[in-house]
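Accompanying notes for the structure given below.
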Amino acid sequence: MKPELGVCYYPEHWAEAQWKEDAAKMVQSGITWVRIGEFAWSRMEPAPGQLELEWLDRAIEVLGTAGLKVVLGTPTTTPPRWMIAKHPDMLAVDAEGNPRKFGSRRHYCFSHEGYRDESARITKIVAQRYGQNPYVAAWQTDNEYGCHDTTLSYSDAAKVAFRAWCAKRYGDIATLNEAWGNVFWSMAYSSFDDLELPNLTVTEPNPAHVLAFRKFSSDQVVVFNRVQTEILRANTDADLIHNYMGRILDFDHFDVGEDLDVASWDSYPLGFMWDRMELSDAHRARYLRQGDPDMQAFHHDLYRAVGKGRWWIMEQQPGPVNWAPYNPAPLPGMVALWSLEAVAHGAEVVSYFRWRQAPFGQEQHHAGLQTPDGRDAPGLGEASKVAQILTQLGEVQTLQSEVAIVFDYPSDWAWNTQPQGADFNYFRLVFSAYRALRRAGLSVDIVNSKSRDFSGYKAVLAPGLATLEPSLVEAISQAGALAVLGPRTGAITEEFSIPQSGRPSVPHLDVMVDLVETLPPNAGRAVKDGGKVDFWLEKLSGSAPVLLALEDGSPVLMGQGDRWYLGGFADDTAWDRIVMKIALQAGLATCVMPGGLRRRMLGDLEVLINYEAEPMQLGEQQIAGCGIVIRRGDEVIAESDFSTA
Ligand code: GAL
C-alpha cells in the first residue's frame with residue numbers, strides 16, 4: 001500500500017471561478033484525494049423535488065480533471081429546512097423530552113421512517129448520477145454518526161421501533177419480564193405496547209431496560225447506514241466509507257463497519273485533550289500543543305479493526321479548532337507528526353479538515369490549510385512535507401502485532417448504565433491498559449469482541465468486557481496466547497444481571513469475585529512493591545496462584561496457566577508492572593519509552609514518534625521535538641524535524 005493525502009473541500013462555499021485554482025494548488029501540495037458534498041443537501045435540492053446538481057457535476061469535473069480522486073458524501077447529516085416542514089416529527093428528542101431543533105446539523109432521529117426514506121431517496125439520486133463517474137473513487141455515508149450526542153433519541157418514532165425491536169428479540173412479554181428481572185419493584189409489563197423508553201423515570205430505570213435500549217439504538221444506526229450502502233452498492237464499485245470519531249462509543253462501530261469497505265475517523269488531537277480525556281493539569285499543560293501521546297494511536301488501532309484492516313483519517317486537525325474550551329495552535333511539526341503517525345499505524349489516506357478556513361458559519365475560527373483570505377496556513381507546509389516523505393517511503397506494509405486488546409462497545413453502554421463508582425469508565429480502563437503496552441514500546445492491535453480468531457497473538461487483554469463468553473477464552477487459548485481478563489470482565493449477563501455461575505466464571509481458572517467496591521479519587525489502595533489500585537477493586541478468592549497482591553496481602557492479579565485475572569483498576573505504575581509480567585510470560589520484547597516518545601512497527605520499519613516539545617533520545621538515536629524518525633534497523637529512511645523551521 002502507498003499512503004496518500006487528502007483534503008475536505010466545500011465547493012458550495014466558494015465562487016466557482018476559484019475551484020480550478022484551488023484544485024491545482026491541492027495537487028501541487030501533494031494531495032491526491034478530496035472529500036466533498038456531505039453538507040450540501042440544500043444546494044442539491046433547494047426545494048422538495050427540485051434538483052440542482054449541475055454545480056456538483058462541474059465541481060467534480062474540475063477536481064477530477066486536476067488529477068484528484070473525489071470522495072463524495074451523501075448529504076443526510078444536514079437535512080434542509082423544508083424537510084422539517086415536511087416531517088415535523090423527524091427531529092431527535094433528548095432525554096428530557098425536548099425536540100432537538102433545526103439550525104445546526106444532525107437534526108434527525110435514526111428511527112424516523114419518513115426521514116429514512118428521504119435519506120434513501122437522496123442517496124439514490126446521487127448514487128445513480130455519480131456511481132459510474134470516473135472521478136468519484138470513494139463514498140462517505142452521512143457524517144460522523146453519533147456526533148453531538150445524536151445516537152439516542154427518545155422520540156415517538158424511537159418508541160414504536162423499540163417496541164418492535166423488543167418483540168422480535170424476546171418473542172413474548174413474559175420472556176422480556178423474566179430477562180429483565182421485572183419482578184423487582186413491580187415493573188412487569190403485560191404487552192410490548194406498554195413499553196416506554198427509559199427516560200424521565202422517577203429514579204434510575206431498570207439497567208436491563210437501558211441496556212436493551214442502547215443495543216436497539218445502536219442497531220438503528222446500523223440500519224440507517226445499511227439503507228445507504230445497499231443503494232450505493234447497486235450503483236458503484238467504489239469503496240464505501242464512514243467517518244467515525246474519537247471516543248464516541250454510542251453505537252457499535254464494528255456492526256456499522258460490516259457494511260463498509262473502509263473505516264475512517266476524524267482526528268482532532270488538541271480538541272480531545274479538553275473534552276474527551278481524563279488528564280491531570282500537568283499532563284494537559286505538557287502536551288497542550290501536541291496532543292496526548294496515545295489518544296490518536298488508540299483510535300488508529302481501533303479503526304484499523306473496525307475497517308477490517310483498511311482505514312483512513314478522513315479529517316485531520318490542521319491548526320487550531322474552534323470547538324474546545326481552549327483552542328491552542330499545534331506546535332510546529334505536529335501536523336506532520338500526526339499525519340505520519342497515522343501512516344505508521346496503517347492509514348491508507350490522511351485527509352485534512354479543511355482546505356480553506358470558512359469565513360462564515362459556526363466554524364469560522366477553525367483553521368484550514370489556507371486562511372479565509374486564501375493565504376497558506378502553517379498546516380499546508382507540513383502537509384507538503386508529509387507528501388514528500390510519503391513519496392520517499394513508497395510502498396509500506398502493516399503487520400499483525402503480537403499483543404491485542406479486545407474492544408467491546410456494549411461494555412461501554414453497560415458500564416455507563418451502572419458505573420457503580422463515578423470514575424469507572426470502560427474506555428478509560430481499556431485506554432489505561434493500551435497506554436501501558438505502548439509505554440513498553442509494544443505495537444498493539446485492537447480486536448472486535450465478536451472475533452474468535454486470535455492466531456498470531458502472544459497475549460490478549462480483555463479488560464472490562466461486561467459479558468464473557470467462554471468461547472472467547474477458548475479461542476485465545478487455542479491461539480496459544482495468554483489471556484489477561486479483568487477487572488469487571490464477565491461481570492454481567494447479556495440481560496444485565498449477575499451470572500448464576502458467579503463471576504468472572506473463566507473456564508479452567510479458579511478465581512472468584514466475592515465483592516466489589518469503588519473508591520473515590522485519592523483513596524486508591526497500594527499494591528505491594530509499587531503502584532496502586534484506583535476507582536474499582538474486587539475481592540478475589542480461589543486457588544489460582546497470586547501474581548500481585550495489595551499491601552494488606554489480598555490478591556489483585558491471579559493466574560493459572562494461560563489465564564490471568566486482574567481484580568482492580570490499576571494505576572500507571574501497577575499497569576507497567578503487570579505489562580512486564582505479561583511480556584515475560586508471553587515472550588514479548590519490550591523497550592521502555594521515555595516520556596512522550598512512542599514507537600510503532602510498520603512492516604520492517606520502526607517509526608519513532610516524539611510527542612515532547614524537546615528532543616528525545618532512544619539509545620543512539622535522537623528524535624527532534626515534535627519530530628518523527630522512520631528507520632530500518634539503524635538506517636534512517638526519513639524524518640520530520642520542524643524544530644528549526
Ligand atoms: C468534525 C466534523 C466536521 C467539522 C469538524 C471540525 O466533527 O465532521 O464537519 O465540524 O469536526 O473540527
Side-chain angles (χ1 to χ4, degrees), residues 6-14 33-43 71-79 103-108 138-151 221 225 241-251 253 256 260 262-277 289 291 295-296 299 303 306 311-330 334-335 338-339 342 349-372 377 379 383:
V7 73
C8 304
Y9 187 55
Y10 299 91
E12 69 276 23
H13 294 180
W14 311 105
W33 285 89
V34 59
R35 182 195 66 174
I36 63 170
E38 80 278 12
F39 299 126
W41 196 339
S42 71
R43 282 294 164 95
V71 183
L72 186 56
T74 62
T76 48
T77 191
T78 46
S104 63
R105 61 179 173 182
R106 296 213 57 74
H107 40 279
Y108 69 86
W139 291 76
Q140 176 184 298
T141 55
D142 202 278
N143 189 76
E144 290 190 339
Y145 291 135
C147 184
H148 315 306
D149 199 8
T150 51
T151 301
V221 179
N225 184 66
I241 312 180
H242 180 73
N243 58 332
Y244 307 101
M245 306 176 70
R247 200 173 176 171
I248 295 293
L249 310 179
D250 290 342
F251 63 93
H253 295 39
V256 171
L260 298 165
V262 179
S264 75
W265 82 286
D266 299 342
S267 178
Y268 293 94
L270 302 191
F272 295 156
M273 297 273 287
W274 293 98
D275 76 344
R276 246 158 275 197
M277 303 186 73
R289 301 180 63 190
M295 183 70 166
Q296 288 64 251
H299 288 89
Y303 290 123
V306 170
W311 75 279
W312 297 17
I313 295 273
M314 191 62 88
E315 299 180 13
Q316 174 62 64
Q317 175 169 355
V321 299
N322 63 303
W323 44 264
Y326 304 96
N327 296 296
M334 285 315 298
V335 171
W338 296 327
S339 313
V349 175
V350 177
S351 163
Y352 300 94
F353 183 89
R354 50 188 278 158
W355 176 247
R356 186 178 307 107
Q357 184 171 343
F360 41 70
Q362 282 87 332
E363 295 178 345
Q364 49 189 283
H365 288 110
H366 189 300
L369 293 180
Q370 289 205 324
T371 61

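Just so you know, ligand 1 is whichever comes first in the structure, and atom 1 is the first atom listed for that ligand. Heavy-atom basis, side chains included; hydrogens, waters and symmetry copies ignored.
Atoms of ligand 1 found under 4.0 Å from any heavy atom of D266, numbered from 1 in the order shown, are 8 (O). For ligand 1 and F39, the ligand atoms under 4.0 Å from any heavy atom of the residue are 9 (O).
Below 3.5 Å of separation, one finds no N or O of Y10 facing any N or O of ligand 1. For the pair W323 and ligand 1, the shortest N or O to N or O distance falls below 3.5 Å.
Contact record, F272 with M277: O-CG, 3.4 Å, taken as the closest heavy-atom pair. Taking all atoms of both residues into account, the shortest heavy-atom contact from N243 to Q140 is OD1-NE2, 3.2 Å. Here the closest heavy-atom approach between residue N327 and residue P320 is recorded as O-CB, 3.6 Å.
Applying the side chain to side chain donor-acceptor pair (under 3.5 Å) test between H148 and each of R106, R105, H107 identifies R105 as the sole match. Each of T77, T76, N225 was checked for a side chain to side chain donor-acceptor pair (under 3.5 Å) with T141, and the lone residue meeting it is N225.
Among E363, H366, R354, H148, the residue whose heavy atom sits closest to atom 10 (O) of ligand 1 is E363. Across E144, Q362, Q317, Q140, heavy-atom proximity to atom 7 (O) of ligand 1 is greatest for E144.
Residue contacts with ligand 1 for N143 involve side-chain atoms from C-beta outward but no N, CA, C or O (heavy atoms, distance under 4.0 Å).
The closest approach between any non-hydrogen atom of R105 and ligand 1 is below 4.0 Å.
Taking the six-membered ring wherever Trp is involved, the centroid distance between the rings of H13 and F360 falls below 6.0 Å.
Among all non-hydrogen protein atoms, the one lying nearest atom 5 (C) of ligand 1 is Y268 OH, 3.3 Å. With respect to atom 8 (O) of ligand 1, the closest heavy atom belonging to the protein is E315 OE2, 2.8 Å.
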Item to check | Candidate pair M295 and R247, rule side-chain contact (heavy atoms from CB on, under 4.5 Å), full reasoning | outcome: CA-CA 9 Å; M295 183 70 166; R247 200 173 176 171; 4.2 Å; yes

